[in-house]
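Here the structure comes first, spelled out in structure tokens, and everything after it is commentary.
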2 protein chains.
Amino acid sequence: MSLRHALLGLLSERPASGYDLLKTFETSLANVWPATQSQIYTELTRLAGSGLITVAAEGPRGRKEYRIADEGMAELRHWLTEVAPQRNTRSDILLRVFFLGVLRPDQAHAYLTELIAMSEEGHEQLRQLHDSIDWDDDNLSVYGRIALEYGLRFQAMRREWAEWAADQIKPR
Amino acid sequence: MSLRHALLGLLSERPASGYDLLKTFETSLANVWPATQSQIYTELTRLAGSGLITVAAEGPRGRKEYRIADEGMAELRHWLTEVAPQRNTRSDILLRVFFLGVLRPDQAHAYLTELIAMSEEGHEQLRQLHDSIDWDDDNLSVYGRIALEYGLRFQAMRREWAEWAADQIKPR
DNA sequence: AGTGTCATGTAAAAGGTTACATGATTGG
DNA sequence: CCAATCATGTAACCTTTTACATGACACT
């Protein structure tokens with residue numbers, strides 16, 4: 001149930017509409033917590049229903065601007081400090097690695113080569129994202145930069161690992 | 001729908017019962033694709049129903065040993081070579097980082113310190129797993145070792161990043 | 001006048017988690 | 001004979017994905 005906390009987190013910075021939040025998810029937050037349009041609107045309605053956020057203003061085209069309520073801030077802080085993060089994540093990229101033995105060695109090698117390329121592209125995309133953002137000193141900037149640094153290091157680590165792995169199976 | 005491919009992949013090595021597969025998920029595969037008992041049994045029944053696997057033998061206590069069928073092998077190869085892996089994964093650990101600004105600096109710092117410890121523990125667990133496995137030359141060993149190396153590098157990368165990140169916010 | 005973007009909502013299906021339920025066999 | 005382990009199954013619920021559906025406003 002982290003989507004609700006992702007929304008609370010974004011609303012803790014500034015009020016926003018579902019549409020605004022959707023755009024944020026498509027750019028920055030997509031890398032750590034992808035969410036679809038339908039999911040976001042549904043969850044916002046539910047959050048408003050349970051009083052964690054409120055409709056602060058209504059604009060043209062039915063736009064509803066949500067604002068975080070005190071209860072929402074409390075819930076966000078509770079999640080950040082008390083709820084243990086999940087240890088195990090899913091990675092279908094890694095899952096495939098376990099079963100590369102059913103392929104011919106050249107196919108297995110090709111898969112790892114693809115991962116090298118994927119990691120390079122990912123790294124480059126993050127670099128461009130970093131350059132395109134107008135960083136300032138607010139919270140999302142400070143911690144967004146730290147999260148982005150994680151992404152850069154992650155992609156670099158994966159590229160190096162994939163290069164090493166491709167090398168492991170090439171000689172056979 | 002990667003669970004079905006995880007099961008096909010394990011059965012491509014050797015026939016196994018739901019219980020056997022559950023044990024494998026609890027140890028080695030848990031790190032890349034956690035699955036529950038109920039999920040595994042349900043999916044096995046479905047896979048047998050669609051003919052991708054067959055019940056090869058029945059043992060004591062209602063044990064059913066499943067064997068992969070040719071159609072299952074074909075599906076597994078198709079997934080490995082043709083289906084594009086998913087780029088974006090979810091990480092509630094990283095998601096929290098974006099919102100650490102709502103906490104006091106010492107609380108944010110404590111969160112990152114916790115991540116350092118978590119990464120060290122994860123690294124140590126994988127090291128022990130590596131030592132406890134009786135590695136041989138079969139496919140799962142070769143590629144399992146490569147996957148495990150990924151895990152070790154990942155935990156090391158995360159530890160270093162968390163140390164760097166904790167350092168970033170300490171001076172404020 | 002028409003296109004693109006802004007803007008929201010809902011329904012169905014698939015995937016995943018938690019909990020309940022049951023019973024056979026083995027080893028001490 | 002008792003406990004641990006082996007062994008399977010199902011139901012309810014929550015989360016996520018995909019698809020459908022609608023319309024207002026701004027700009028050219």
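The sequence lines fix the lettering, A, B, ..., with proteins before strands; numbering per chain opens at 1.
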Exercise. Side chains of A/Glu121 and A/Gln125: do they bring a donor and an acceptor to under 3.5 Å?
Worked result: no
Exercise. Quick one: B/Gln86 CD to D/dT17 C1', roughly how many Å, whole number?
Worked result: 10 Å
For this session: To the nearest Å, give me how far apart OH (B/Tyr19) and P (D/dG9) are.
Result: 15 Å
Exercise. In whole angstroms, how far is the C1' atom of D/dC14 from the CD atom of A/Glu43?
Worked result: 11 Å
Exercise. Ignoring hydrogens and angles, does a donor from either the side chain of A/Thr42 or the base of C/dT10 sit under 3.5 Å from an acceptor on the other?
Worked result: no
Seminar exercise, completed: By nearest-heavy-atom nucleotide on DNA chain C, the more 5' of A/Gln39 and A/Arg63 is A/Arg63
For this session: Check every strand shown and say whether B/Ser17 touches a base, only sugar-phosphate, or nothing at a heavy-atom separation below 4.0 Å.
Result: sugar-phosphate
Exercise. Choosing from C/dT10, D/dT8, D/dT16, which nucleotide comes nearest the side chain of A/Ser38?
Worked result: C/dT10
Exercise. Which part of the nucleic acid does A/Arg4 contact within heavy-atom distance under 4.0 Å: base, sugar-phosphate only, or nothing?
Worked result: nothing
Seminar exercise, completed: In whole angstroms, the gap separating P of C/dT5 from CD of A/Glu26 amounts to 12 Å
Exercise. According to a strict under-4.0 Å criterion, is A/Arg61 in side-chain N/O contact with OP1 or OP2 of C/dG4?
Worked result: no
Problem set entry | Approximate separation, where rounding is to 0.5 Å, of B/Ser38 OG and B/Glu43 CD | 11.0 Å
For this session: Considering just the side-chain nitrogens and oxygens of B/Tyr41, establish if one lies under 4.0 Å of OP1 or OP2 belonging to D/dG9.
Result: no
Problem set entry | Separation of atom NZ in A/Lys23 from atom P in C/dC6, rounded to whole Å | 6 Å
For this session: Kindly confirm or rule out a cation-pi arrangement of A/Arg4 over A/Trp79, judged by NZ or CZ under 6.0 Å from the six-membered ring centre and within 45° of its axis?
Result: no
Exercise. Parallel under 30°, tilted from 30 to 60°, perpendicular over 60°: which one fits the rings of B/His130 and B/Trp135?
Worked result: tilted
For this session: Select from B/Gln37 and B/Pro60 the residue whose nearest nucleotide in DNA chain C is closer to the 5' end of that strand.
Result: B/Gln37
